[in-house]
Protein chains: 2
Amino acid sequence: MSEAFERIPLEKQERIVNTAFVEFCEKGYEQASTNHIAKEAGIGKGTLFYYFNTKQSLFHYLIEKAFTIAQEEYLNKINFETKDFFERIKQTTELKWEVYERYPYALKFLAFAMMHAEETDLSDELSVKRKEAEAKWAGVLTQNIDFSKFREDIPKETAFNLIRWTVEGYRQELEARMKQLQFETMENQDLRPYYEEFYGYLETLKTIYYNE
Amino acid sequence: MSEAFERIPLEKQERIVNTAFVEFCEKGYEQASTNHIAKEAGIGKGTLFYYFNTKQSLFHYLIEKAFTIAQEEYLNKINFETKDFFERIKQTTELKWEVYERYPYALKFLAFAMMHAEETDLSDELSVKRKEAEAKWAGVLTQNIDFSKFREDIPKETAFNLIRWTVEGYRQELEARMKQLQFETMENQDLRPYYEEFYGYLETLKTIYYNE
DNA sequence: CAACTTATCGACCAGGGTGGTCAATTTGCT
DNA sequence: AGCAAATTGACCACCCTGGTCGATAAGTTG
């Protein structure tokens, strides 16, 4: 990436980055089209290659960017003093939503890039970052959590997994529902009912998986 | 589709159909390549167009085929006498596995085709079929189920959804795990440990969501 | 204003993939 | 042998690809 890209208005930067995130997520590296990214972001093709010299260097920039976003907008904001499991889930979910509002596909892109990390040869520096991030991600729902509140007739590990899967399954269904409603952007959408619904389910899960 | 396709050996038919299912699922209609399908299925490109005259007619044939598979290999085999919810889940999951062994991507393709049903203009006949199928699918986990066994402090509907999401979330994680292990085919893989693990979780869910 | 740098663009390139065709060949059957 | 059905891949016109580059436009400086 040339330094020119960092000189343009932040809003434009984010528009381009987000467009590129989407394109790479949905099509994969090979099938992703620089033409399409440029058009979708509302800039000329030449401009895109003026900012990033090649498709690959754009991709590498995106990886770094996604890492930074995940780190600064998500991981660093988690309050690890929250010992209650459900409170932690609620909190991390809210953080994810906040990230989503600004960079809708950043976290999905990061997951995608990590999954295909073997094909995409990362720099040594990035490989290190990856290891670090993986460790942190693993701790998001476990570090400093008070598991003693869980009911005792079920292994803590099992309960932990079941809850994770429930939340994830619910999230996926919500995503599908929204796609069907053609929520291309979530802008100006009132999401509060969805939040409320989610919190309701969390409360139910708490009565189920905690000691009474 | 010409009648020639139905004259060739069944094994070859299935190989072609399965290859096409995969290609369309993974790339979508536009991006799917007939070249690639032919090569992957081990037949000449000319042969593919000898069987199905156009890409579109191949696609329509696949929809019909997927419908038939879902109907005959899955829906029709469900035992609706089974009143226990978890027993029903176990049974339908097993059926899905069986279908998966023979037509690995058929059900995923069907879901994909239904989701993009608006873009893909279906024939009137198919639209009717779709409505019918949708009704049947909705009943798979509800029809003739004895919900009185569920604990009473949680709305039946909520419990029902939570369990569905748990199972679905678990399934997704399993799928991801398998992809990472490069299970390209499930052939010759010993899946019993996975079955057992799944049944174990089902038992736990039963203790959680049923009256004691 | 001129002079100069930086930003932006889209026509253009060679290369490769597309859905689809078809003459040539192989296969199977009587 | 002789015929019909099955199979093939070279070939077609077309479109899209990542990337280049000369022509502008915008901004900045004197």
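In what follows, chains carry the letters A, B, and so on, assigned in the order in which the sequence lines appear, proteins first and then strands, with residues in each chain numbered from 1.
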Over 60° means perpendicular and under 30° means parallel, so tell me whether A:F147 and A:F85 are parallel, tilted or perpendicular.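 Answer is tilted, since the angle falls between 30° and 60°.
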Which of parallel (below 30°), tilted (30 to 60°) and perpendicular (above 60°) describes B:Y61 and B:F5? perpendicular
When the distance from [atom1] of [X] to [atom2] of [N] is rounded to whole Å, what number comes out?
{"X": "A:L48", "N": "D:dC21", "atom1": "CG", "atom2": "C1'", "answer": "16 Å"}
{"X": "A:F24", "N": "D:dG18", "atom1": "CZ", "atom2": "P", "answer": "8 Å"}
{"X": "B:H36", "N": "C:dT18", "atom1": "NE2", "atom2": "P", "answer": "9 Å"}
{"X": "B:F59", "N": "C:dG19", "atom1": "CZ", "atom2": "C1'", "answer": "16 Å"}
{"X": "A:E3", "N": "C:dT6", "atom1": "CD", "atom2": "P", "answer": "10 Å"}
{"X": "A:E23", "N": "D:dC16", "atom1": "CD", "atom2": "C1'", "answer": "13 Å"}
{"X": "B:F49", "N": "C:dT18", "atom1": "CZ", "atom2": "P", "answer": "11 Å"}
{"X": "B:E6", "N": "D:dA5", "atom1": "CD", "atom2": "P", "answer": "17 Å"}

Any donor-acceptor pair under 3.5 Å from B:Q91 side chain to B:I78 backbone: no
Using only atom types and a distance under 3.5 Å, with no angle test, would you say the side chain of B:Q13 pairs donor to acceptor with the backbone of B:I8?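 Such a contact is found between B:Q13 side chain and B:I8 backbone.
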Side chains of A:Y170 and A:E197: donor-acceptor distance under 3.5 Å anywhere?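 Present: a donor and an acceptor within the cut-off.
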Side chain of [X] - closest among [options]:
{"X": "B:N35", "options": "C:dT18, D:dC11, C:dC9", "answer": "C:dT18"}
{"X": "B:A4", "options": "D:dA6, C:dC12, C:dT6", "answer": "D:dA6"}
{"X": "B:K45", "options": "D:dG9, C:dC9, D:dG18", "answer": "D:dG9"}

At under 4.0 Å, does any side-chain N or O of [X] touch on OP1 or OP2 of [N]?
{"X": "A:T47", "N": "C:dA7", "answer": "no"}
{"X": "B:Y50", "N": "D:dA6", "answer": "yes"}
{"X": "B:Y51", "N": "D:dT7", "answer": "yes"}
{"X": "B:R7", "N": "D:dA6", "answer": "yes"}
{"X": "B:K55", "N": "C:dG19", "answer": "yes"}

First of A:Q31 and A:G46 reached from the 5' end of DNA chain D, by closest nucleotide: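 Of the two residues, A:Q31 wins.
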Under 4.0 Å, counting only non-hydrogen atoms across every strand here, what does A:A32 touch: a base, just sugar-phosphate, or nothing? sugar-phosphate
Just checking B:K12: base, sugar-phosphate only, or nothing, at a heavy-atom cut-off of under 4.0 Å? sugar-phosphate
